[in-house]
Amino acid sequence: MNQQYDYLVIGSGIAGMSFALKVAGHNGARVALLCKSTLDEANTALAQGGVASVTNLLVDDFDKHIHDTMVAGDYLSDPEAVEKVVKGAPEQIRALLEWGVDFDRNSDGEFDLHREGGHSEFRILHHADNTGYEIQQSLIRAVRENPYIDVLEHKFAVELITQHHLGKVVTHRTPDIACYGAYVLDTETGEVDTYQGRVTVLATGGVGAVYLTTTNPLIATGDGIAMVHRAKGVIKDMEFIQFHPTALYHPGDRPSFLITEAMRGYGAVLRNLKGEEFMHKYDPRLSLAPRDIVARAIDSEMKLNGDDHVYLDVTHKDPEETKRHFPNIYQHCLEIGIDITKDYIPVAPAAHYLCGGIKVDGNGESTIHRLYALGECSCTGLHGGNRLASNSLIEAVVYADAAAKHAEETLSRYSFRNDIPDWNDDGTRHPEEMVLITQSLKEVNQIMGYYVGIVRSNLRLDRAWNRLDILYRETERLFKNSKVSRDICELRNVIDVGYLIMRQAKERKESRGLHYSVDYPPQPAK
Ligand code: FAD
Ligand code: SIN
């Protein structure tokens with residue numbers, strides 16, 4: 001089957017859906033919105049804290065938000081990207097409101113703003129402690145009502161289609177690589193179809209599932225990044241993996257349930273298992289220091305004491321107020337026997353967010369023509385070495401808007417092709433032992449957790465590299481001989497992403513932002 005759409009959008013989180021809503025129907029444009037699972041299974045749906053945007057102009061301004069973003073990013077952020085997102089945020093908040101997102105307000109009707117680590121002001125718009133669910137559901141409603149958007153669930157994008165598929169040799173040096181669409185597996189029928197887009201948009205989210213302990217849903221296998229890497233596009237800043245300091249420690253849970261940073265903004269304090277506060281040993285901003293510092297402090301405290309978690313304590317706050325601010329967390333913890341108004345919450349860091357990804361310009365366009373990348377799979381330069389809390393949802397909508405405007409201008413230049421071959425699986429068969437795939441995935445997760453985690457070293461990276469290489473060779477052999485399936489594609493992508501994280505971590509000969517190596521101790525501030 002060969003499908004043709006003006007816009008082929010792969011991914012149905014905030015990035016993919018907001019782009020689709022912006023372009024659908026303009027000059028009759030038709031959009032295919034694909035996702036590999038159901039529409040609601042996305043990182044977006046799990047976001048808790050909220051969306052950062054300068055709102056209270058009596059105390060806050062763009063310069064403060066820009067400064068906070070630069071500081072969190074360890075001055076590796078691209079100042080143009082930072083300014084674009086910070087200044088573009090209020091307009092995109094209005095777009096979210098128009099799509100039906102309901103942000104909490106106080107009794108005066110003003111937005112109820114939260115504050116999170118690294119923010120100098122209260123500027124986080126939120127919907128209680130389940131902002132992402134509110135956004136995801138509102139966008140799903142808007143997308144479903146739009147007659148120009150075809151929603152296609154259980155469609156797994158396997159490969160981007162470029163000149164490579166037309167028989168040309170494509171390398172990283174090939175100029176003018178172009179994307180014509182993607183080969184897409186229908187995970188319900190097992191068929192691989194050709195989807196052409198005059199423009200293709202990757203909004204495939206993050207890579208948390210590369211790690212064993214993660215807050216991300218298990219769809220976060222970095223598929224878009226791996227596809228672009230294989231298509232010879234540029235991938236950047238992969239060493240900057242953000243570990244959230246406070247995921248609920250509840251062994252066996254995958255993903256780990258998040259205890260929002262907003263809880264520390266509200267006054268919760270970290271304690272070790274002896275009940276002692278410890279953040280004063282690490283940073284004067286205590287529990288509200290940027291995430292990388294808090295995650296490393298917890299990691300260090302756990303290693304010093306031989307513990308596998310620490311505690312977050314909110315018991316000194318008014319119980320009713322706590323329940324009102326964090327109803328979702330209160331309920332979730334209660335279900336496993338923890339009353340957060342009376343008990344300390346066991347927490348430990350977990351892989352949470354990828355700051356790097358597919359390199360894009362100010363229009364969200366990747367280094368491959370006709371291909372945009374938006375949201376967590378992209379690297380706009382906003383986050384630099386470390387993302388400031390609640391800056392990712394807003395980045396996704398600001399860049400979706402820029403990409404929509406740019407793509408609308410360029411769309412008429414591109415036409416469909418009639419020389420794209422069908423997916424060829426001659427000579428392949430179903431793998432005899434699926435367990436080999438699941439076992440390899442577990443091995444990747446362990447390698448990444450043990451050797452490419454919060455604290456790294458050259459030795460650990462080398463060891464990880466050698467072990468991953470064995471899995472890479474085995475998996476490529478298996479992939480070539482197998483009928484394509486979601487499991488084997490995800491394994492291949494996870495290995496590819498793991499390789500990119502390691503390679504770029506090895507290339508960075510300093511400790512900076514989220515990349516911390518014992519071989520390159522951080523330089524004291526001048
Ligand atoms: P996602 O929402 O992850 O969507 C990815 C989509 O891509 C899915 O639809 C998936 O099916 C699809 N997909 C992936 N691969 C394929 C494929 N091969 N074929 C077809 N479809 C595919 N950020 C904030 O700013 N504020 C917060 O408060 C906040 N809290 C968070 C809490 C948690 C627990 C987590 C995990 C993240 C949080 N973040 C937060 C980060 C933020 O939620 C994400 O960065 C953001 O939602 C990513 O949106 P996205 O649209 O790029 O991707
Ligand atoms: C949180 O609520 O702590 C997550 C916020 C974020 O990841 O931006």
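In listed order, ligands and their atoms are each counted from 1. Values in this document were obtained by computation on a predicted structure and should not be read as measured data.
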Atom OH of residue position Y133 - does it have more than 12 heavy atoms of other residues, nucleotides or ligands inside 6.0 Å? no
Mind checking whether H332 and F257 have parallel, tilted or perpendicular rings, split at 30° and 60°? parallel
Stacked cation flag R387 on Y353, 6.0 angstrom / 45 deg: yes
Mutual orientation of the aromatic rings belonging to Y266 and H325 [parallel < 30°, tilted 30-60°, perpendicular > 60°]: tilted
Less than 4.0 Å is my threshold; does some heavy atom of A389 fall inside it relative to ligand 2? yes
Out of curiosity, is R291 lining ligand 2, as in a heavy atom under 4.0 Å away? yes
Output the list of atoms in ligand 2 that are nearer than 4.0 Å to some heavy atom of S390, sorted by atom number. 6 (C), 8 (O)
Decide whether an N or O pair under 3.5 Å exists between A157 and ligand 1. yes
Answer yes or no for D129: is there a heavy-atom contact with ligand 2 below 4.0 Å? no
Ligand 2 atoms nearer than 4.0 angstrom to some heavy atom of H244 are 1 (C), 3 (O), 4 (C)
Which ligand 2 atoms, with their elements, are less than 4.0 angstrom from a heavy-atom of E261? 1 (C), 2 (O), 3 (O)
Closer than 4.0 Å to some heavy atom of R387 - which atoms of ligand 2 meet that? 6 (C), 7 (O), 8 (O)
Tell me the protein heavy atom at minimum distance from atom 33 (C) of ligand 1, and give that distance in Å. H352 CE1, 3.4 Å
Indicate yes or no: does an N/O atom of K36 lie under 3.5 Å from an N/O atom of ligand 1? yes
Atom indices of ligand 1 within 4.0 angstrom of K155 heavy atoms, with elements: 19 (N), 20 (C)
May I ask whether Q242 has any heavy atom positioned less than 4.0 angstrom from an atom of ligand 2? no
Examine G50 against ligand 1 and note whether any of their N/O atoms are separated by less than 3.5 Å. yes
With H165 as partner, the option from W423, Y183, Y180 fulfilling ring-ring contact (aromatic ring centres under 6.0 Å, His included) is Y183
Tell me which protein heavy atom sits closest to atom 45 (O) of ligand 1, plus the residue, atom name and distance to 0.1 Å. E376 OE1, 2.6 Å
Will you find, in the side chains of T204 and D223, an N or O donor that is under 3.5 Å from an N or O acceptor? no
Before signing off on this row, confirm whether N216 and ligand 1 have an N or O atom pair separated by under 3.5 Å. no
When you measure from atom 42 (C) of ligand 1 to every protein heavy atom, which one gives the shortest distance, and what is it? S392 OG, 3.6 Å
N/O of E116 under 3.5 Å from N/O of ligand 1, yes or no? no
heavy-atom search around atom 51 (O) of ligand 1 in the protein gives A15 N, 3.0 Å
Judging by distance only, is a nitrogen or oxygen of G49 under 3.5 angstrom from one on ligand 1? yes
Please write down residue, atom name and distance for the protein heavy atom closest to atom 18 (N) of ligand 1. D223 OD2, 2.9 Å
